[in-house]
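Source: prediction; values computed, not measured. Just so it is clear, the values below take in all heavy atoms, side chains as well, and ignore hydrogens, waters and symmetry mates.
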Amino acid sequence: MPLLLREHHVTELLDINTAIEAVEEVLRDQAEGSATNRPRYRVAMPASQLHVMAAGDKRLGVCGLKVYTASRKGARFLVLLYDAESGDMLAMIEADRLGQMRTGAASAVATKYMSRESADTLGVYGTGWQAESQMMAVCAVRQIKSIKVYGRNSERREAFARRMTTLLRTEVVPVASPEEAARGCSIIVTATSAREPVLKGEWIEAGAHLNVAGSNFLSKAEVDVETIRRASVIAVDSIEQSKIEAGDLMPAIERGMISWESVTELGRIIAGRDPGRTSEDDITLFKSNGIALEDISTALRVYNLARERGIGERVELWQQGS
């Protein structure tokens, strides 16, 4: 019978290093041709929206999908994981925490392969759920000595900075302007709900690496076209999905500043097929949209840990193999 894993199970089982390992290996598989990803598609209803994304990995021996709804009441996430050989369902996993961790993990992998090894200062835009995992993830792959965070609400950013200082054991300083969050930083993360750019290219130091992770809609952009123009290397988790979701890249593409041919996939950098940077002064940028491959690989890690520890609920949906 399949396992049903609730949010509290995922929180108990999944740490950021496990998520980073899961995302890194599946993106390498994607570059090497053993994994298939299908872009997210959306079904709009009067008061909500349904989102579905699917993927499979031959080496891991699993396939699956993430499905979620979004409305004014919030979002509800579920991953369905299947054995690729038998077709049996392995697990149903509530996936809000899982999605948060795999999104942070993707930025960690990009930081590992695209930032300077000496990068030790972090600027963060956003004070929410995703910003938390982004900070945890970057700190897992680089020795970060100082962190600045910007959010529009002063009380919230100060409370967030205090909480993250305790969690990361590194001082997180709240700053009052978006420019201050970028100046002097060797790694910059955007994890906001902004529709218009919060980060300007003129603020970015030579040699910086950017993780742009807040939006997966063409109508939204967290960074301006100057940021994209200045980037020597631009990577995404999926070019196919980026063409329908990467609002941060589209204005620069429409103006002819970059082309899709100049954009690579992060998996190709991991696999050594494309460089993450060519010099210490390169500005590098990872545009994260979040893909189903990252979900199913992370879900498989959670499922295997649950089995090892005897965690989860067994559910009988139908007779497997019938």
Side-chain angles (χ1 to χ4, degrees), residues 1-27 29-30 34-45 47-106 129-130 132-133 216 241 290-322:
M1 291 184 289
L3 269 182
L4 172 61
L5 298 174
R6 304 283 188 179
E7 289 290 350
H8 68 88
H9 297 132
V10 176
T11 299
E12 178 181 348
L13 294 167
L14 183 61
D15 60 43
I16 195 62
N17 288 313
T18 300
I20 291 169
E21 292 170 1
V23 169
E24 182 173 351
E25 72 171 357
V26 82
L27 293 180
D29 288 345
Q30 180 187 26
S34 65
T36 300
N37 188 78
R38 289 289 175 261
R40 177 179 7 239
Y41 62 90
R42 311 176 198 263
V43 179
M45 301 301 290
S48 65
Q49 197 168 44
L50 175 71
H51 311 250
V52 183
M53 45 207 294
D57 188 308
K58 290 182 284 188
R59 184 187 61 83
L60 293 176
V62 293
C63 57
L65 70 155
K66 181 166 78 175
V67 57
Y68 61 101
T69 57
S71 69
R72 291 183 179 179
K73 294 182 178 180
R76 299 166 182 83
F77 299 85
L78 185 68
V79 168
L80 305 179
L81 188 67
Y82 294 87
D83 182 290
E85 182 67 27
S86 67
D88 289 343
M89 179 181 283
L90 301 175
M92 296 183 292
I93 305 174
E94 292 182 346
D96 192 9
R97 178 68 171 174
L98 188 152
Q100 179 209 26
M101 296 290 272
R102 67 86 156 126
T103 304
W129 178 245
Q130 291 293 345
E132 176 182 319
S133 66
N216 52 32
Q241 187 161 317
I291 62 174
L293 276 174
E294 297 161 355
D295 289 306
I296 67 162
S297 182
T298 307
L300 178 60
R301 294 290 184 111
V302 172
Y303 169 72
N304 286 336
L305 286 169
R307 291 186 63 197
E308 290 172 12
R309 301 183 193 180
I311 292 173
E313 307 168 26
R314 292 288 180 179
V315 290
E316 185 170 3
L317 302 177
W318 56 78
Q319 186 176 351
Q320 295 287 337
S322 62

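- Applying the side-chain contact (heavy atoms from CB on, under 4.5 Å) criterion to Arg72, with sequence neighbours excluded, gives no partner residue.
- Here the shortest heavy-atom pairing between Val23 and Ala105 reads CG2-CB, 3.8 Å.
- Remark: Cys63 SG to Leu90 CG distance equals 8.5 Å, nearest 0.5 Å.
- Asp83 pairs by the side-chain hydrogen bond (donor to acceptor under 3.5 Å, both in side chains) definition with Ser86, not counting sequence neighbours.
- With sequence neighbours excluded, no residue satisfies salt bridge (charged side-chain N to carboxylate O under 4.0 Å, His left out) with Asp96.
- Residues satisfying the side-chain contact (heavy atoms from CB on, under 4.5 Å) test with Val52, not counting sequence neighbours, are Tyr41, Leu50, Leu65, Val67.
- The side-chain contact (heavy atoms from CB on, under 4.5 Å) check on Ala55 picks up Asn37, Ala292, Leu293, Ile296, with sequence neighbours excluded.
- Residue pairs meeting the salt bridge (charged side-chain N to carboxylate O under 4.0 Å, His left out) criterion with at least one partner in residues 3-18, sequence neighbours excluded, are Arg6-Glu94, Arg6-Glu313.
- Minimum heavy-atom separation, Ala299 to Leu98: CA-CD1, 3.7 Å.
- Take His51 and apply the ring-ring contact (aromatic ring centres under 6.0 Å, His included) test, not counting sequence neighbours, and it matches Tyr68.
- For Ser48, the side-chain contact (heavy atoms from CB on, under 4.5 Å) criterion is met by Met45, Ser71, not counting sequence neighbours.
- Residues meeting the salt bridge (charged side-chain N to carboxylate O under 4.0 Å, His left out) test with Glu132, sequence neighbours left out: Arg163.
- Not a single side-chain hydrogen bond (donor to acceptor under 3.5 Å, both in side chains) links Asp57 to another residue, sequence neighbours left out.
- Note on residues 296-312: pairs passing salt bridge (charged side-chain N to carboxylate O under 4.0 Å, His left out), not counting sequence neighbours, are Glu21-Arg301, Glu25-Arg301.
- Nearest heavy-atom pair, Leu27 versus Glu294, reported as atom, atom and distance to 0.1 Å: CD2-OE2, 4.0 Å.
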